[in-house]
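Input: a single structure, listed below in structure tokens.
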Amino acid sequence: MNTFKTIDDMDVSGKKVLVRADLNVPMAGGKPSDTTRIDRTVPTVRDLISKGAKVIILSHFGRPKGQVVPEMSLRPVAEAMGKALGMDVKFATDTIGESAKSVTNAMKNGDVAMLENVRFHAEETENDDAFASSLASIGDVYVNDAFSTAHRAHASTEALARKLPAAAGRLMQAELEALGGALGNPKKPVAAVVGGAKVSTKMEVLGNLSKKVDMIIIGGGMANTFLFANGMDVGASLCEKDMADEARKIVAEAASHGCEIVLPVDVVVAKEFAAGAANQVVGIDAIPADMMALDIGPATIKDVEERLAKCKTLVWNGPFGAFEIEPFDKGTNAAAQAAARLTKAGSLLSVAGGGDTVAALAHAGAADDFTYISTAGGAFLEWIEGKTLPGVAALEG
Ligand code: ADP
Ligand code: MG
């Protein structure tokens with residue numbers, strides 16, 4: 001499955017290694033306010049240092065749209081990277097050209113430098129070949145550690161990878177291995193949890209997963225659309241009635257691939273979408289006309305837990321309910337904790353991703369025990385939609 005090379009396959013000693021990282025960190029008062037993305041790049045940089053490479057870090061920051069925007073300079077990020085590594089990180093005031101050349105030509109083995117924001121050049125997002133050649137002329141080897149930007153074919157993620165010997169960095173490698181283990185060649189039975197607000201945003205996710213997994217457990221607002229499509233009255237719940245045909249098609253197509261679509265059997269309903277709103281548990285055939293289903297009920301939680309206990313692999317995107325407002329976080333918490341327990345016990349490989357999903361699993365206190373939680377956002381979604389990620393394809397190519 002792993003057709004990509006890693007740092008272990010490359011001879012980097014004495015070489016200039018261009019590392020494409022995602023250092024698009026949040027800033028406050030001119031300094032990174034959260035260093036997670038910097039810290040996650042450190043293992044790759046350290047590995048390369050220990051192999052005697054000259055490490056040249058390349059990243060985008062914000063959306064400067066091809067202009068030099070001083071507030072979007074990577075200089076403060078280079079300083080923070082220096083702190084994280086405990087060493088001096090040189091900074092080139094341009095991504096290519098004289099400044100990049102003179103800074104990188106002066107490097108010794110084991111040195112680290114960072115180039116200015118690659119998106120200061122409009123050619124970056126155009127995947128421009130000549131620009132990629134200019135980038136390639138700075139280094140001898142290319143390492144991509146930015147899975148989160150791999151769904152975009154940009155010069156520093158796609159064209160550049162085809163111009164130099166290319167490998168995945170440690171973070172990219174971890175992500176590809178985790179995702180490969182979950183959907184590439186997974187241990188069966190495989191369950192997917194797909195929740196969240198709307199079916200319309202998850203059509204491609206459902207379509208791809210239904211070909212690959214044994215069951216899709218549907219939660220969240222989108223479950224209401226499936227229930228409605230089955231002829232249930234969902235009261236005042238969030239429901240995309242115009243998607244009922246699509247929902248029925250998904251169920252039929254899934255069945256043709258031997259994939260079961262699992263829906264809630266009971267729900268927690270309330271009159272308001274608000275924390276602490278008065279609520280009650282009802283069967284799915286008894287949702288009052290003036291109430292909304294905001295979470296799965298206890299019988300559904302039990303069903304989900306029993307199903308997960310029989311599975312070997314789990315892919316999760318989307319919460320089971322309105323987890324941001326208590327007590328409608330109960331279903332998501334219980335299912336997440338069950339998956340975390342099973343993973344810890346060694347019987348389940350669990351991979352999750354999605355903006356709200358990452359927040360929901362952290363809220364449930366389950367994040368640390370999942371096999372892998374992808375923070376890649378859009379790239380993770382495109383991956384579960386079954387799309388080819390240009391930045392990954394270029395490494396395999
Ligand atoms: P992700 O960002 O992980 O892909 P989504 O954006 O698809 O997840 O879904 C998250 C949103 O779905 C949350 O804001 C949550 O409040 C909402 N949601 C979940 N269940 C319900 C529900 N029953 N009714 C209304 N909104 C819901
Ligand atoms: Mg979301």
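Whatever order the structure lists them in is the order used to number ligands and atoms, beginning at 1.
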**Request:** Please indicate whether K16 has more than 12 foreign heavy atoms, meaning atoms of other residues, nucleotides or ligands, lying under 6.0 Å from its NZ.
**Result:** yes

**Message:** If the cut-off is 4.0 Å to any non-hydrogen atom of A322, which atoms of ligand 1 fall inside it?
**Reply:** 16 (O), 19 (C), 20 (N), 21 (C)

**Asked** Counting heavy atoms only, which of V199, L238, V205 comes nearest to atom 26 (N) of ligand 1?
**Response** L238

**Complete:** closest protein heavy atom to atom 11 (C) of ligand 1 is A197 N, 4.0 Å

**Prompt:** Using heavy atoms and a threshold below 4.0 Å, how should the contact between A223 and ligand 1 be classified: side chain, backbone, both, or neither?
**Reply:** neither

**Prompt:** In terms of side-chain heavy atoms, does E158 have a donor or acceptor partner in N127 at a distance below 3.5 Å?
**Reply:** yes

**Message:** Show me which atoms of ligand 1 lie under 4.0 Å from any heavy atom of G355.
**Reply:** 2 (O), 3 (O)

**Prompt:** Closest approach of I284 and D266, non-hydrogen atoms and distance?
**Reply:** CG2-N, 4.0 Å

**Asked** Of the non-hydrogen atoms in K211 and E253, which two are nearest, and what is the gap between them?
**Response** CE-OE2, 4.4 Å

**Request:** Using distance alone, decide if ligand 1 has a nitrogen or oxygen within less than 3.5 Å of any nitrogen or oxygen in N317.
**Result:** yes

**Asked** Who's the nearest protein heavy-atom neighbour of atom 9 (O) of ligand 1, and how far?
**Response** G196 CA, 3.1 Å

**Request:** Check whether any side-chain heavy atom of D22 lies under 4.5 Å from a side-chain heavy atom of F147, and answer yes or no.
**Result:** no

**Asked** Between the side chains of E240 and S200, is a donor N or O closer than 3.5 angstrom to an acceptor N or O?
**Response** yes

**Message:** Taking 4.0 angstrom as the limit and counting only heavy atoms of K202, give me the atoms of ligand 1 inside it, by number and element.
**Reply:** 4 (O), 5 (P), 7 (O), 8 (O)

**Asked** Does at least one non-hydrogen atom of K198 fall below 4.0 angstrom from an atom of ligand 1?
**Response** no

**Prompt:** Which ligand 1 atoms are under 4.0 Å away from a heavy-atom of G354?
**Reply:** 3 (O)

**Message:** Evaluate D356 for polar contact with ligand 1, using N/O atom pairs at a separation under 3.5 Å.
**Reply:** yes

**Asked** Without hydrogens or angle criteria, can the side chains of N317 and K202 be said to hold a donor-acceptor pair below 3.5 Å?
**Response** yes

**Message:** Evaluate P319 for polar contact with ligand 1, using N/O atom pairs at a separation under 3.5 Å.
**Reply:** no

**Message:** Heavy-atom contact check, 4.0 Å cutoff: does T201 meet ligand 1?
**Reply:** no

**Asked** Looking at atom 19 (C) of ligand 1, what's its closest protein heavy atom, distance included?
**Response** G321 O, 3.1 Å

**Complete:** shortest atom 22 (C) of ligand 1-to-protein heavy-atom contact is with G221 N, 3.4 Å

**S350 and T343 side chains, donor-acceptor separation under 3.5 Å** = yes

**Message:** For the residue pair S99 / T93, report whether a side-chain donor-acceptor contact shorter than 3.5 Å exists.
**Reply:** yes

**Prompt:** With respect to H60, which candidate in H154, E124, R20 satisfies the side chain to side chain donor-acceptor pair (under 3.5 Å) definition?
**Reply:** R20

**Prompt:** Which atoms from ligand 1 have a heavy atom of L294 less than 4.0 Å away?
**Reply:** 23 (N), 24 (N)

**Fill in**
Under 4.0 Å from one or more heavy atoms of E324, ligand 1 contributes atoms 13 (C), 14 (O), 15 (C), 16 (O)

**Asked** Quick one: do the R37 and S59 side chains pair a donor with an acceptor below 3.5 Å?
**Response** no

**Asked** Taking only protein atoms, how many N, O or S atoms are found under 2.8 Å from the Mg ion (ligand 2)?
**Response** 1

**Request:** Below 4.0 angstrom from a heavy atom of T357, which ligand 1 atoms are there? Numbered from 1 as shown, please.
**Result:** 1 (P), 3 (O)

**Prompt:** What closest approach, in Å, do C239 and F228 show between heavy atoms, and which atom pair accounts for it?
**Reply:** SG-CB, 3.6 Å

**Asked** When you check the side-chain N and O atoms of K83 and T35, is any donor under 3.5 Å from an acceptor?
**Response** no

**Message:** Can you see whether D94 engages H121 through a side-chain donor-acceptor pair at a distance of less than 3.5 angstrom?
**Reply:** yes

**Asked** Is it true that atom NZ of K5 has more than 12 heavy atoms of other residues, nucleotides or ligands lying nearer than 6.0 Å?
**Response** no

**Complete:** Contact region, M292 to ligand 1, non-hydrogen atoms below 4.0 Å, reads neither

**Asked** Below 3.5 angstrom, do we get any N/O pair linking A293 and ligand 1?
**Response** yes

**Side-chain H-bond candidate by donor/acceptor type, D329 with H363, under 3.5 Å** = yes

